[in-house]
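Accompanying notes for the structure given below.
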Amino acid sequence: MKYVSIIVDLPVKQVNQTFSYHIPEKLEETIGLGKKVIVPFGPRKIEGYIVEIKKQVEFETKPIIKVASDYSLFDQELLELAEWMANYYQCYLISALKAIIPSGKQRVKTKRVVNLAQSDQETNEIISQLEKRAPKQAAVLFYLVKNPAQQLITTNLAKKVNTSSGTIRRLFKKGLIDYNKEEVKRIPYQDTNFKKTTPLAPTPEQEVALSEIKAAINSQLDTTFLLKGVTGSGKTEVYLQSISEVLSQGQEAIVLIPEIALTPQTIARFKGRFGKQVAVLHSQLSSGERFDEWRRIKEGKAKIAVGARSAIFAPFSNLGLIVIDEEHETTYKQEDHPKYHAREVAVKRAKLNQAVTILGTATPSLESYYRAQKEEYKLLELSKRIEDRPLPKVELVDMRQELEAGNKQMLSRSLEKEIKARLEVDEQVIIFLNRRGFSTFVQCRKCGYVMECDECDVSLTYFSQSQILKCNYCDFTTKIPEECPDCGSSYIKYFGVGTEKVERALQEIFPEANIARMDRDTTTKKGAYQRILSSFSAGEIDILVGTQMIAKGHDYPNVTLVGVITADTALNLPDFRASERTFQLLAQVAGRTGRGAKAGQVIIQSYTPEHYSIQQAKEHDYQSFYEQEIIFREEMEYPPVTHLINIIVSDKSEDKTIKVAQRLGEIINAKLKDTADKQLLGPVQAPLSKIRGEYRWQLLLKGRNLEELRQLNQMSLQELEEVKELKSVKISIDIDPIGVL
DNA sequence: AGCACGCCGACT
DNA sequence: GTCGGCGTGCTC
């Protein structure tokens with residue numbers, strides 16, 4: 001008799017372990033590691049994944065009911081990677097596995113949402129009947145009447161009215177609610193024709209980098225390179241020729257690109273060189289298309305996977321190279337569980353395969369450069385742009401002096417003058433707005449009242465097109481009030497320098513110019529993002545105004561001026577990465593110009609131009625920036641010198657949240673007593689103190705040894721579980737958080 | 001998670 | 001007494 005170990009598809013602590021089953025004879029042929037199966041589990045049937053095939057078993061077993069996938073969804077190597085992730089990021093193995101296997105795959109992705117089974121009126125009657133006998137059920141129905149079209153699944157609904165899933169099941173049994181399968185839709189991706197490209201002759205610097213990389217590829221050691229190359233220095237050509245080398249060894253390659261830069265232009269560069277051998281994996285593919293690409297990789301038809309974060313799990317069997325472009329980008333860190341960082345996973349996966357990793361960027365993350373300094377990574381530099389084009393000249397404008405000189409506009413005199421000059425010679429301009437950390441909000445000018453979301457601790461964002469106020473954290477939307485809800489005054493005003501405001505101001509000064517705007521507001525519609533960029537690239541737009549999304553990877557040879565309206569908004573955030581982000585952003589934005597034959601110019605407006613992150617960005621001097629920033633990190637004991645674990649405690653009850661956070665704090669502190677190399681910050685109210693009606697408190701663990709921190713964290717949480725009455729409170733762990741905001 | 005089991009207050 | 005809600009524990 002053959003047996004298997006199964007991980008069941010339930011992200012719950014109690015079943016975060018393997019369960020043994022036996023294989024009925026007729027399924028023996030189709031069984032295998034990584035197959036999805038249906039198994040009996042208590043009184044019901046659930047999905048699970050085979051993680052081991054074995055001959056003996058120490059339990060009385062039930063049989064597997066059926067095999068639910070044609071393919072093995074992961075092999076031994078990817079299973080090992082999942083186990084590493086589960087341990088490193090402290091998540092359930094099933095969560096790590098589900099991050100690895102193709103998402104949206106075989107079947108259309110659906111969620112089971114709860115609906116009322118009768119009209120609101122009838123429901124209201126039922127509520128009054130139930131209220132006494134079954135207050136919880138009445139509360140659930142009441143919630144559904146009050147919040148139609150919220151499309152909640154059982155668990156979330158139960159949480160909303162503070163009850164268990166059992167209550168909802170009882171309502172279903174009574175026929176008062178029913179379940180609807182709701183499709184999670186995806187936007188299809190259109191393929192284009194790709195022009196064939198041939199390898200370019202490398203510059204001397206590229207030559208050096210390539211020879212080192214090729215040597216590493218041939219040595220079969222898991223070397224990690226940090227390829228630090230200024231914008232426009234030809235990093236992509238290095239990637240392409242490295243991939244060629246790997247292919248000639250009969251091995252495969254993965255290329256990660258930030259989602260936002262995964263445009264047809266970027267894909268064309270890889271498809272143009274390697275044609276059909278390239279599989280593209282990103283979130284905008286339909287589930288069918290994505291699964292097709294996944295199968296091409298699995299079957300060995302594609303040798304190169306190009307994609308966003310999750311492409312790091314491409315199912316290759318002989319991986320030789322992983323490239324991470326723009327390695328400093330924070331989008332490589334997954335926001336929800338498992339909160340993995342693709343860069344860390346890549347280095348681990350390379351190790352499992354004796355593969356080479358190339359981390360490419362103009363502005364390395366402090367983490368990567370720190371490791372390069374310690375020679376954990378090998379540093380390769382491309383300091384010159386192709387054809388020796390100069391880096392753009394950067395001018396800093398002190399906005400305080402502008403104001404003193406009587407200019408109250410948001411455009412400095414010098415930026416206005418330069419824009420005018422470009423328009424006269426038909427060159428293009430990009431105006432960049434660093435909006436991270438604040439958005440347009442609505443405030444009463446009389447009493448200062450700010451419109452906020454009831455469920456979340458944030459001010460509502462103003463969308464002028466639709467004349468509404470919206471919460472960025474939940475789906476709450478509302479109309480702009482005529483009067484202040486607090487004092488009744490009608491002096492309600494919209495604040496914040498939005499892209500829209502900049503656009504309008506520019507249009508006023510330059511009525512003749514064609515101005516387009518790109519931000520979340522204008523790119524929500526399908527394909528809008530592409531449309532704006534291609535029209536800009538075709539020269540139909542003179543000035544493009546936008547947020548972070550225009551800072552990434554495109555080549556516009558006719559752009560000769562980039563203006564940054566406010567360089568320092570991110571600097572004022574209470575986050576230890578504030579300077580790093582500011583420097584990276586300014587350097588990236590500056591890189592958008594001067595990429596053609598014409599020289600480029602950058603004007604940065606700032607209220608704190610003396611800050612080193614801004615000064616060093618002006619000089620294009622990463623090295624100096626790093627040296628100054630690492631001193632700050634050393635002093636404050638922040639990453640990359642230390643590791644962090646962010647613990648978020650959240651619950652609908654503020655009282656319970658605080659109690660749990662404080663109890664956890666006590667437990668940790670007791671364990672920290674005689675250690676100097678680890679510390680606990682908090683518990684404190686989280687910077688976002690309330691999201692979707694849940695209160696949030698935060699604890700931050702800091703220390704040089706991550707393994708020790710992790711153990712401390714685990715032991716403390718275990719001890720916390722003994723406090724029974726506080727068990728329902730949610731605790732979320734973030735290992736190596738990107739920010740603590 | 002989601003199912004059965006068993007305790008306990010309310011009501012023909 | 002019995003009906004049904006709600007907390008608890010278990011799933012190879």
Side-chain angles (χ1 to χ4, degrees), chain A residues 1-24 27 31 33 35-68 91-98 110-114 126-143 152-179 181 336-338 651-653 656 721-732:
Chain A
M1 187 72 109
K2 262 193 174 177
Y3 299 91
V4 290
S5 298
I6 303 277
I7 292 288
V8 295
D9 188 3
L10 291 176
V12 180
K13 188 159 197 198
Q14 293 95 306
V15 296
N16 186 30
Q17 61 178 80
T18 60
F19 289 86
S20 302
Y21 289 86
H22 63 262
I23 309 166
L27 290 183
I31 239 83
L33 179 73
K35 285 261 178 146
K36 180 154 100 177
V37 291
I38 311 286
V39 291
F41 199 63
R44 63 206 168 110
K45 299 168 185 172
I46 57 166
E47 288 180 351
Y49 298 88
I50 298 177
V51 294
E52 189 190 0
I53 296 173
K54 51 188 180 180
K55 292 205 175 80
Q56 280 194 336
V57 91
E58 57 281 12
F59 266 102
E60 196 183 316
T61 55
K62 293 180 181 178
I64 286 176
I65 296 171
K66 68 170 184 182
V67 178
C91 66
Y92 308 123
L93 183 55
I94 187 62
S95 309
L97 281 175
K98 292 198 97 174
T110 58
K111 55 176 182 176
R112 207 177 65 158
V113 301
V114 181
I126 296 163
I127 290 173
S128 44
Q129 286 165 23
L130 277 176
E131 232 153 13
K132 246 187 158 175
R133 254 202 123 68
K136 287 288 180 190
Q137 294 182 18
V140 170
L141 292 179
F142 186 69
Y143 186 87
L152 290 174
I153 59 167
T154 306
T155 350
N156 292 347
L157 179 59
K159 232 176 263 159
K160 289 272 183 197
V161 292
N162 220 343
T163 182
S164 62
S165 58
T167 311
I168 288 153
R169 211 177 60 84
R170 274 159 204 141
L171 283 168
F172 177 70
K173 280 207 162 166
K174 285 185 182 171
L176 296 176
I177 57 160
D178 43 46
Y179 299 115
K181 288 263 180 193
D336 37 61
H337 285 287
D651 192 81
K652 294 194 87 62
S653 149
K656 262 178 152 182
E721 288 222 345
E722 288 158 23
V723 191
K724 279 225 171 98
E725 68 273 18
L726 301 174
K727 244 172 123 179
S728 64
V729 172
K730 204 163 57 182
I731 294 174
S732 158

Checklist entry - Out of dC12(C), dC3(B), dA1(B), which has the shortest distance to the side chain of Arg169(A)? => result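 When the side chain of Arg169(A) is considered, dC3(B) is the closest of dC12(C), dC3(B), dA1(B).
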
Checklist entry - Which nucleotide in the set dG2(B), dC12(C), dT11(C) lies at the smallest distance from any side-chain heavy atom of Gln14(A)? => result dT11(C)

Item to check | Ion pair check, Asp9(A) and Lys98(A), cut-off under 4.0 Å | outcome: yes

Any base atoms under 4.0 Å from [X], or only sugar-phosphate, or nothing? Heavy atoms, all strands.
{"X": "Gln17(A)", "answer": "base"}
{"X": "Pro40(A)", "answer": "sugar-phosphate"}
{"X": "Tyr21(A)", "answer": "sugar-phosphate"}

To the nearest angstrom, how far is [X] atom [atom1] from [N] atom [atom2]?
{"X": "Ile38(A)", "N": "dC12(C)", "atom1": "CD1", "atom2": "P", "value": "15 Å"}
{"X": "Asp9(A)", "N": "dT11(C)", "atom1": "CG", "atom2": "C1'", "value": "15 Å"}
{"X": "Ile50(A)", "N": "dC12(C)", "atom1": "CD1", "atom2": "P", "value": "16 Å"}
{"X": "Phe41(A)", "N": "dA4(B)", "atom1": "CZ", "atom2": "C1'", "value": "15 Å"}
{"X": "Lys62(A)", "N": "dC10(C)", "atom1": "NZ", "atom2": "C1'", "value": "11 Å"}
{"X": "Tyr49(A)", "N": "dC12(C)", "atom1": "OH", "atom2": "P", "value": "19 Å"}
{"X": "Phe172(A)", "N": "dA1(B)", "atom1": "CZ", "atom2": "P", "value": "19 Å"}
{"X": "Arg44(A)", "N": "dC12(C)", "atom1": "CZ", "atom2": "C1'", "value": "14 Å"}

For the [atom1] atom of [X] and the [atom2] atom of [Y], what is their distance to the nearest 0.5 Å?
{"X": "Lys35(A)", "Y": "Lys66(A)", "atom1": "NZ", "atom2": "NZ", "result": "13.0 Å"}
{"X": "Lys2(A)", "Y": "Ile31(A)", "atom1": "NZ", "atom2": "CD1", "result": "9.0 Å"}
{"X": "Ile50(A)", "Y": "Tyr21(A)", "atom1": "CD1", "atom2": "OH", "result": "11.5 Å"}
{"X": "Glu47(A)", "Y": "Ile7(A)", "atom1": "CD", "atom2": "CD1", "result": "14.5 Å"}

Short heteroatom pairs, N/O only, protein and nucleotides 2-6 of chain C, under 3.5 Å:
| unit_1 | atom_1 | unit_2 | atom_2 | d |
| --- | --- | --- | --- | --- |
| dG5(C) | OP1 | Lys174(A) | NZ | 3.0 |
| dC6(C) | N4 | Arg170(A) | NH2 | 3.1 |

Checklist entry - Is it the case that more than 12 heavy atoms not belonging to Phe19(A) sit under 6.0 Å from its CZ atom? => result yes

Next on the checklist: Would you say NZ of Lys54(A) has more than 12 non-hydrogen atoms from neighbouring residues, nucleotides or ligands within 6.0 angstrom?
Outcome noted: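 Check passes, neighbour count above 12.
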
